Peer 1: 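Just dropping this structure here.
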Number of protein chains: 2
Amino acid sequence: MVGIMKLSDSEWIVMGALWAHAPATARELLERIEAETDWAYMTVKTLLTRLQDKGAVSSERRGKTDWFRPIVSRDKATRTAFRAFIDRAFDGAVGGLLHHLAREEKLTKRDRELLRRTLRELVEEESR
Amino acid sequence: MVGIMKLSDSEWIVMGALWAHAPATARELLERIEAETDWAYMTVKTLLTRLQDKGAVSSERRGKTDWFRPIVSRDKATRTAFRAFIDRAFDGAVGGLLHHLAREEKLTKRDRELLRRTLRELVEEESR
DNA sequence: GACCATCTACTACAGTTGTAGTAGATGGTG
DNA sequence: CACCATCTACTACAACTGTAGTAGATGGTC
């Protein structure tokens, strides 16, 4: 049931707020994302319904209010999004992404440092 | 006009074939992607029209046939997709992606090959 | 126990995406 | 120059996305 969990952009925003702290009510989630979205309350509700339909969140009634919690983990969603991105833009090859990162993207000094470390770790791990 | 060029999954497939070699006719593009998509000719045509509408490809009539060529470069499209992905999944921080890469993703042989090259380049660049 | 603030349920509606069909134009070939 | 294979132009249509409105249920408060 929780197979390939593809989230739309708006759904990512809601999930982001929900991953931050759960369970949460729709109103709470709206408050958390108010700074970035300026949505109506009903927009959050609709997205939560859709997320529930696709099995990404669950809800539990307390009083007259639904409390939501994520079913899909952030990591899981990230991995799915990562795969989709890599598949379309780099034909599935993570190496292509690394290449792109190394030569195309403007990285901060810290990113560059981290990338170098990452690459080295990966290569070392490999040769072990 | 060629600002933020967002491509859908299907559009990426067509662009992939077009980036491989241009100019090309719709029929040629269909043949190139036949292995992976099993689309009807008209599907390719429709996608090409949409891509033209959004300024991603241009076309030129020769005889009764349109010849298409990319306006948006693969690099440009990749950067846009990269940004979109990073923004939603890692809140815009490339570091988050690197982290993810280092601990979550398994690399194929091909990935590792590319990676070694990339690493060499990075190191050389650094020592220059 | 009535009322109000607030919640859920149902509905809406335009834009994008995936995936094509059909009809009418037309260039090359005999 | 007629015909056919093939092209383009126009149209289609359901699913998914972004973004909500409205009406009716309901739990807490006086």
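Side-chain atoms are counted along with the backbone in the values below, which use heavy atoms only and exclude waters and symmetry mates. Source: prediction; values computed, not measured. Below, chains carry the letters A, B, ... as their sequence lines are ordered, and counting in each starts from 1.
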Peer 1: Provide, to the nearest angstrom, the distance between the CZ atom belonging to B:Arg62 and the C1' atom belonging to C:dG28.
Peer 2: 17 Å
Peer 1: Determine, for nucleotides 2-13 of chain D in 5'-to-3' order, which nucleotides have protein heavy atoms under 4.0 Å from the base (write B), from only the sugar-phosphate (write S), or from neither (write -).
Peer 2: ---BBSBBB---
Peer 1: Under 3.5 Å, is there a donor-acceptor pair between the side chain of A:Lys54 and the main chain of A:Leu7?
Peer 2: no
Peer 1: Provide the Watson-Crick or G-U wobble partner of D:dA15, both distances under 3.5 Å; none if there is no partner.
Peer 2: C:dT16
Peer 1: Go ahead and name the base partner of C:dT11; Watson-Crick or wobble counts if both distances stay under 3.5 Å, otherwise write none.
Peer 2: D:dA20
Peer 1: Measure the distance from CG on A:Leu48 to P on D:dT17 and round it to the nearest whole Å.
Peer 2: 15 Å
Peer 1: Quickly work out the B:Trp39 CH2 to C:dA20 C1' distance and round it to whole Å.
Peer 2: 12 Å
Peer 1: Backbone N or O of A:His21 within a donor-acceptor pair of the A:Arg32 side chain at under 3.5 Å?
Peer 2: yes
Peer 1: Kindly give the heavy-atom pair with the smallest separation between A:Pro70 and A:Met15, and that separation in Å.
Peer 2: CB-CE, 4.0 Å
Peer 1: More than 12 non-hydrogen atoms from neighbouring residues, nucleotides or ligands closer than 6.0 Å to CG on A:Asp53, yes or no?
Peer 2: yes
Peer 1: Rounded to the nearest angstrom, tell me the gap between atom CE in A:Met5 and atom P in D:dC16.
Peer 2: 13 Å
Peer 1: Students often mix this up, so state it plainly: with edges at 30° and 60°, are the rings of A:Trp19 and A:Trp12 parallel, tilted or perpendicular?
Peer 2: perpendicular
Peer 1: Send over the distance from A:Asp53 CG to D:dC16 P, rounded to a whole Å.
Peer 2: 10 Å
Peer 1: Return whichever of A:Gly63 or A:Thr37 has its heavy-atom-nearest nucleotide of DNA chain D closer to the 5' end.
Peer 2: A:Thr37
Peer 1: Can you name the closest pair of heavy atoms from A:Lys45 and A:Ala26 and give their distance?
Peer 2: CD-CB, 3.5 Å
Peer 1: Calculate the interatomic distance between A:Ile33 atom CD1 and D:dA20 atom P; express it in whole Å.
Peer 2: 11 Å
Peer 1: B:Phe82 vs A:His100 aromatic rings, parallel, tilted or perpendicular, using cut-offs 30° and 60°?
Peer 2: tilted
Peer 1: Can you establish whether the number of heavy atoms outside B:Asp91 located under 6.0 Å from its atom CG is more than 12?
Peer 2: no
Peer 1: Looking at A:Arg88 and B:Ile13, would you say the former's side chain and the latter's main chain have a donor-acceptor pair under 3.5 Å?
Peer 2: no
Peer 1: So if I take residues 6-24 of chain B and measure heavy-atom distances to DNA chain C, which residues fall below 4.0 Å?
Peer 2: B:Ser8, B:Asp9, B:Ser10
